[in-house]
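This report refers to the structure that appears directly beneath it.
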2 protein chains.
Amino acid sequence: MSQDIPVTGYAILGLLTFGDELTGYEIKQRADVTLRFYWVSPAMSQIYTELRRLSDHGLVTADVRTDGGREVTTYAITGAGQAALREWMDTTPAGFPVLKHPVLLRLLVGHVTEPERTRQMLHEYVAELDRALVDLAQVRESLRGADEPGQPFRFPSLVAEWGLDYFDAERRHTHRALASLDETGAGDTEATA
Amino acid sequence: MSQDIPVTGYAILGLLTFGDELTGYEIKQRADVTLRFYWVSPAMSQIYTELRRLSDHGLVTADVRTDGGREVTTYAITGAGQAALREWMDTTPAGFPVLKHPVLLRLLVGHVTEPERTRQMLHEYVAELDRALVDLAQVRESLRGADEPGQPFRFPSLVAEWGLDYFDAERRHTHRALASLDETGAGDTEATA
DNA sequence: AGTGACTATTCCGATTAGGAACACTACTCT
DNA sequence: AGAGTAGTGTTCCTAATCGGAATAGTCACT
């Protein structure tokens, strides 16, 4: 019963194990602040597609209410949903992370452009990492107070800390690559910007 | 002229800047050993789709030869291809990496299963990381001899080293998470496997 | 001749990406 | 009051991508 649901479906199911009832729109917002760092920010279309599937399988309930003049559907995980999520966790292998790293892709073919351009790209990446670190640190802070063992945000805070470590490591790797690049022109030119 | 080619197209173009002429099959093989670590292993179908597009745009040449009894098409980058790749590198922003990290996704919802199951998953991840490290170290070794500044494998070796650092960092993050998890049951149970 | 492994390409269905479009609510500014 | 604009909530569309099956020929070994 659980084999034909894509991973993103389980991710949404997972989001529903924290809060209460959420609309598709709210799920998108939650996904954008947490899930985006280590999974994807699913498109709206995908979230609603997934919710319909989950609902068809009885893993979530869809409560249609008329709020003001328009219909609003809120979703909540069912007992079957809890069970399916748990079964997925317990019986299917996690699988290896897939990284789409445009900076590394471009570094790979660094020989087709000027070294200065590559340095610039790496510096920009560091700046973006710093921004991501700020955002994630904010998420991590928002979890404080309920992040002790046994409390609801225990696992999210572990993940947030992992993410912070990850971004920090990326910064170091970028600086290392920059240092290696500097060795290149050290002898013949003063390369700086 | 270069705006309607997806990133994977440029990745293939990039692979063609090293060797000489390659068949679609060979491109797939190269992608599987290098590109897969920090970009994707494109499906065969995708590679051939992309090659047709690149060929339509004049960025690669498609040489159809009759080798033995069957037709074999080899692809080579053209001057226009070099220029398009360079323009892409110089004028479009790299963009932030996208990570699809099933281990972190499952850690996030760790509260729906037993702590022991989560520990097990993390240990499996470390084992997979070790395997990936071995593979990548092999790639890195294969580049030796032509990885000095100015030599053809200079940039690939920078990327390989970044990748090694990355996997190593992931191992540390995983161990850190495991250590945090151990704090949980430290008081009441002897949790180990 | 037969089997299996490798090379090479095409085809197919489903999933995913990424927004645009639509519609309604609620707030502010003039 | 009316206009504008920001936010909420959902649907729809197109292209990209995944992942593997299907096809088909070559080569080596038995």
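No experiment lies behind these values; they were computed from the predicted model shown. Excluded from the calculations below are hydrogen atoms, water molecules and symmetry mates; all remaining heavy atoms, backbone and side chain alike, are included. Quick note on labels: first sequence line is chain A, next is B, and so on, each numbered from 1.
One finds no side-chain N or O of A:Tyr48 lying less than 4.0 angstrom from the OP1 or OP2 phosphate oxygen of D:dT11. Between B:Thr8 and D:dA16 there is no side-chain polar atom (N or O) within less than 4.0 angstrom of OP1 or OP2. Within the 4.0 Å cut-off from OP1 or OP2 of C:dT7, at least one side-chain nitrogen or oxygen of B:Tyr25 is found. Residue A:Gln29 has no polar side-chain atom (N or O) positioned under 4.0 Å from OP1 or OP2 of D:dG9.
Remark: B:Ser55 engages B:Val60, B:Ala62 in a side chain to side chain contact (heavy atoms under 4.5 Å, CB included) (not counting sequence neighbours). For A:Asp63, there are no salt bridge (charged side-chain N to carboxylate O under 4.0 Å, His left out) partners two or more places apart in sequence or in a different chain. By the side chain to side chain donor-acceptor pair (under 3.5 Å) test, A:Lys100 pairs with no residue at all, sequence neighbours left out.
Taking five base pairs at each end of the helix from C:dA1-D:dT30 to C:dT30-D:dA1 and finding the rotation axis that steps the C1' atoms of four pairs onto the next four gives two axes whose angle is 20°, to the nearest 10°.
For B:Val72, counting side-chain heavy atoms from C-beta on, the closest listed nucleotide (C:dT9, D:dT17, D:dT10) is C:dT9.
Rounded to whole Å, the distance from CG on B:Leu22 to P on C:dT9 is 11 Å. Here C:dG19 presents its C1' atom at 13 Å from CD of A:Gln46, a figure rounded to the nearest Å. Rounded to an integer number of Å, the gap from A:Ile47 CD1 to D:dT10 P is 11 Å. Atom OH in B:Tyr10 sits roughly 13 Å away from atom P in D:dA16 (whole-Å rounding). In this structure, B:Lys100 atom NZ and D:dT17 atom P are separated by 12 Å, rounded to whole Å. D:dG9 atom P lies 14 Å from atom CD of A:Glu71, rounded to whole Å. Per the geometry, CG belonging to A:Leu51 stands 13 Å off P belonging to C:dT16, to the nearest Å. For the pair A:Glu50 CD and D:dT10 P, the interatomic distance rounds to 16 Å; values are reported in whole Å.
Through chains of ILVMFWY side-chain contacts below 4.5 Å, B:Met44 is grouped with B:Tyr25, B:Tyr48.
Between B:Arg117 and B:Glu114 there is no salt bridge, since no side-chain nitrogen of the basic residue lies less than 4.0 Å from a carboxylate oxygen of the acidic one.
Scanning both residues, A:Thr78 and A:Gly58, for their nearest heavy atoms gives OG1-O, 2.7 Å.
Sorted by residue number, the members of residues 32-45 of chain B with any non-hydrogen atom under 4.0 Å from DNA chain C read B:Met44, B:Ser45.
Ring orientation note: the planes of A:Phe167 and B:Phe96 are tilted relative to one another, at an angle of 30° to 60°.
Listed for the A:Glu161 side chain is no donor-acceptor partner under 3.5 Å among the backbone atoms of A:Leu158.
Counting non-hydrogen atoms under 4.0 angstrom, B:Arg52 reaches the backbone sugars and phosphates but no base.
Looking only at atom types and distance, the side chain of B:Gln46 has no donor-acceptor partner in the side chain of B:Glu50 under 3.5 Å away.
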